[in-house]
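For reference, the structure is listed below as structure tokens.
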Amino acid sequence: MNTMIGLDIGGTKTRGIKVVDGEVVADVEVGSANVQNVARETAAANLAELFGRLDAAGVTRVFAGAGGIDTEADAQALADLIRPHAPRARVNVVHDSRLLLAAGGARTGVAVIAGTGSAAWGVNADGEEARAGGWGYLLGDEGSGYWLGREAVRYSLHRMNLGLEPDSLTAALLAGTGLAEPGALIAHFHDPGTGRRYWAQQSRIVTEAADAGHVGARFMVDQAAHDLARMAAQVARQLDLEGPVILGSGLGMHVRRIQDGFRAGLAEQGIADVQILDRDPIFGTIELAEASGPEPA
């Protein structure tokens, strides 16, 4: 019996699946185990909870994708946190964009993450790799959920400075955050109790306002799509790829305006082979584990 655990470790949450002889038998979600986003102690505690709930006894393979895995040292640090929970297992750690490409059924191409954060990664038939973005919310994450939430705050504060009354977007943002007036957004945004996931969740307010015709919200969503397409095109050019380009994660999989703008932006670059991921990236761990070969005897 072959038993594997697949992990998708993001900046705000960790999802794990237990796979026995190719069948998913358990699916669990806990807090983030990414040491670039939470303290090492917190990451370790979340992994302990996840492996306990998945019943990791007898696991022979762990395949993990995580945001922020930019070097071998990053991968090794995360693998070291995982191994105590599956001491007899072979552990592989890769950047989470690889999960997305595999979940889309592609061996080569460009994967674009549009979720809490954003990044593009690709690989060609020669095994050459390239990346764009994925620098984290302080340095980039353009087109991400966090970026949209932050832009809505900036928009609302700019209107306040101009002496304008809250419009429908600002009113929805205030209602969603439980605040009485735009000025309170400043302290609320910097409050340690609100973080990346909280503000990424506010992106729903922006996308709904865009669908309702709000001009400012439409500009933000269209800019997000443009930035995601730009990252994808950069990677495709570096690797001399014409596709496929696979868009995934929360915004990428569920916001039609971003999907349409993303396709249009890539079409301008001569890239027509664009796919929207139709299943969660974590299931790419199964394909990646199979492709990397059997466990050593």
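Treat the numbers as computed from the prediction; the structure is a model and nothing was measured. The basis for the numbers below is simple: all heavy atoms, side chains too, and nothing from hydrogens, waters or symmetry mates.
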Working to the nearest 0.5 angstrom, can you tell me the gap between [X] [atom1] and [Y] [atom2]?
X: L251; Y: T207; atom1: CG; atom2: OG1; value: 7.0 Å
X: D126; Y: L239; atom1: CG; atom2: CG; value: 9.5 Å
X: R83; Y: L47; atom1: CZ; atom2: CG; value: 13.0 Å
X: W147; Y: E151; atom1: CH2; atom2: CD; value: 4.5 Å
X: L169; Y: R218; atom1: CG; atom2: CZ; value: 13.0 Å
X: T194; Y: L185; atom1: OG1; atom2: CG; value: 10.0 Å

Q) Would you call the rings of W199 and F189 parallel, tilted or perpendicular if under 30° counts as parallel and over 60° as perpendicular? A)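 Correct class here is tilted.
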Can you tell if the side chain of [X] reaches within under 4.5 Å of the side chain of [Y], non-hydrogen atoms only?
X: K13; Y: S32; answer: no
X: R159; Y: D167; answer: yes
X: Q76; Y: D80; answer: yes
X: D96; Y: I113; answer: yes
X: Q202; Y: T177; answer: yes
X: S156; Y: P166; answer: no
X: R263; Y: L247; answer: no
X: H226; Y: D222; answer: no

Measure across [X] and [Y] and return the closest heavy-atom pair with its distance rounded to 0.1 Å.
X: I282; Y: R15; answer: CD1-O, 3.2 Å
X: A66; Y: L78; answer: CB-CD2, 3.6 Å
X: H85; Y: F51; answer: CB-CG, 3.5 Å
X: G104; Y: I246; answer: CA-CD1, 3.9 Å
X: A120; Y: V112; answer: CB-CG2, 4.1 Å
X: V123; Y: L241; answer: O-CD1, 3.7 Å

Q.
For a side chain to side chain contact (heavy atoms under 4.5 Å, CB included) check, start with the C-alpha distance between L50 and N46, then their side-chain angles and the critical distance, and finish with the verdict.
A. CA-CA 6 Å; L50 184 143; N46 287 334; over 6 Å; no
Q) Between Y198 and H188, is a ring pair (Phe, Tyr, Trp, His ring centres under 6.0 Å) present by the stated rule, with each step listed? A) CA-CA 11 Å; Y198 177 89; H188 194 56; 5.3 Å; yes
Same cluster for [X] and [Y] if Ile/Leu/Val/Met/Phe/Trp/Tyr side chains link at under 4.5 Å?
X: L228; Y: L148; answer: yes
X: V221; Y: L266; answer: yes
X: I186; Y: Y146; answer: yes
X: I205; Y: V255; answer: yes
X: V62; Y: I9; answer: yes

Q | Polar side chain donor-acceptor pair, S118 to S144, under 3.5 angstrom | A |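 Side chains of S118 and S144: no pair found under 3.5 Å.
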Q: Classify the side-chain pair Q269/R230 by whether it contains a donor and acceptor separated by less than 3.5 Å.
A: no
Q: Starting from the C-alpha separation in whole Å, work towards a yes-or-no answer on side chain to side chain contact (heavy atoms under 4.5 Å, CB included) for I82 and L7.
A: CA-CA 10 Å; I82 292 170; L7 303 176; 3.9 Å; yes
Q. Between E129 and R98, is there a salt bridge with N-O shorter than 4.0 Å?
A.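 The answer is yes: the pair qualifies as a salt bridge.
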Q. Taking 4.0 angstrom as the limit, do K18 and D27 come out as a salt bridge?
A. no
Look only at the side chain of [X] and the backbone of [Y], and say whether a donor-acceptor pair between them is shorter than 3.5 Å.
X: H254; Y: G250; answer: yes
X: T14; Y: A33; answer: yes
X: E287; Y: G105; answer: no

Q: Could you give me the CA-CA distance, side-chain angles and deciding distance for I286 and I17, then say whether side chain to side chain contact (heavy atoms under 4.5 Å, CB included) is met?
A: CA-CA 10 Å; I286 301 172; I17 56 173; 4.2 Å; yes
So with a 6.0 Å cut-off around [atom1] of [X], is the heavy-atom count from everything else above 12?
X: R279; atom1: CZ; result: yes
X: D240; atom1: CG; result: no
X: Y155; atom1: OH; result: yes
X: R88; atom1: CZ; result: no
X: E181; atom1: CD; result: yes

(Q) Run the side chain to side chain contact (heavy atoms under 4.5 Å, CB included) test on D278 and I276 for me, step by step, so that the C-alpha distance in whole Å, both residues' side-chain angles and the decisive distance to 0.1 Å come before the verdict. (A) CA-CA 6 Å; D278 59 3; I276 308 301; over 6 Å; no
Q.
Tell me which one of I5, V59, V25 satisfies side-chain contact (heavy atoms from CB on, under 4.5 Å) with L54.
A. I5
Q: Under the side-chain hydrogen bond (donor to acceptor under 3.5 Å, both in side chains) rule, what do T71 and D74 come out as? Steps first, then yes or no, please.
A: CA-CA 5 Å; T71 66; D74 293 333; 3.2 Å; yes
